[in-house]
Amino acid sequence: MRGWVPFLGGRRIPVMAAVVPAALGAFAVTAVWTFAAVNFPNLADGPAGLGGLSLWAVYVCYAPLLAWGPLLAGVTVAYHRRRTRRISSFS
């Protein structure tokens, strides 16, 4: 399955071609969900009129989304380190 990426002809994908978009995505997802979490109490009084148990159910369901950006950043750093580490020989 070496030739599955179009236009690369079996060559390796450059590390930075994966790291840069992943890092930008991690930043964007972190910013969006942090903004949403901070501003949700103001939005909850809208037409839906959430309150009490319904509001807590929304918080519990959406809370894991706050971890999405930092976890993506973590795996991006791990990928970069794994693909760019120097292999030393002990000969």
Side-chain angles (χ1 to χ4, degrees):
M1 182 121 178
R2 275 184 70 77
W4 68 273
V5 179
F7 307 113
L8 285 182
R11 291 175 293 174
R12 295 188 94 165
I13 297 172
V15 173
M16 295 311 282
V19 170
V20 170
L24 293 173
F27 174 76
V29 168
T30 301
V32 165
W33 287 114
T34 301
F35 176 81
V38 168
N39 291 308
F40 184 76
N42 299 333
L43 301 173
D45 295 329
L50 294 176
L53 189 58
S54 298
L55 183 60
W56 278 104
V58 170
Y59 280 137
V60 167
C61 291
Y62 281 92
L65 290 172
L66 292 172
W68 183 9
L71 289 173
L72 178 57
V75 297
T76 301
V77 169
Y79 174 81
H80 183 266
R81 286 182 180 170
R82 187 184 68 213
R83 291 288 307 268
T84 59
R85 72 175 170 212
R86 305 261 183 228
I87 299 175
S88 62
S89 62
F90 294 105
S91 54

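Worth saying up front: this structure is predicted, and the values here are computed from it rather than measured. Atoms considered below: every heavy atom in the structure, side chains included; atoms not considered: hydrogens, waters and symmetry mates.
- When the side chain to side chain donor-acceptor pair (under 3.5 Å) test is applied to Tyr79, the partners found at least two apart in sequence or on another chain are Arg83.
- Residues Trp68 and Tyr62 share a hydrophobic cluster, clusters being chains of Ile/Leu/Val/Met/Phe/Trp/Tyr side chains in contact below 4.5 Å.
- Applying the side-chain contact (heavy atoms from CB on, under 4.5 Å) criterion to Ala73, with sequence neighbours excluded, gives Ala26.
- At least one side-chain heavy atom of Val77 sits under 4.5 Å from a side-chain heavy atom of Arg81.
- Members clustered with Phe35: none, using a 4.5 Å side-chain heavy-atom cutoff among hydrophobic residues.
- Remark: Leu71 engages Ala67 in a side-chain contact (heavy atoms from CB on, under 4.5 Å) (not counting sequence neighbours).
- Leu65 and Tyr59 fall within a single hydrophobic cluster, where Ile, Leu, Val, Met, Phe, Trp and Tyr are joined by side-chain heavy atoms under 4.5 Å apart, directly or via other members.
- The hydrophobic cluster containing Val75 also includes Leu72, under a criterion of side-chain heavy atoms closer than 4.5 Å among ILVMFWY residues, counted directly or through chains of members.
- For the pair Thr84 and Val15, the tightest heavy-atom approach, listed with the atom from each and the gap, is CG2-CG1, 4.0 Å.
- Residues Thr76 and Ala22 come closest through the heavy atom pair OG1-CB, 3.3 Å.
- Checked against side-chain contact (heavy atoms from CB on, under 4.5 Å), Leu24 has the following partners two or more places apart in sequence or in another chain: Val20.
- Other members of the cluster containing Phe27 do not exist, because no ILVMFWY side chain is joined to it at under 4.5 Å.
- Residues satisfying the side-chain contact (heavy atoms from CB on, under 4.5 Å) criterion with Ala17, sequence neighbours excluded, are Ile13, Pro14.
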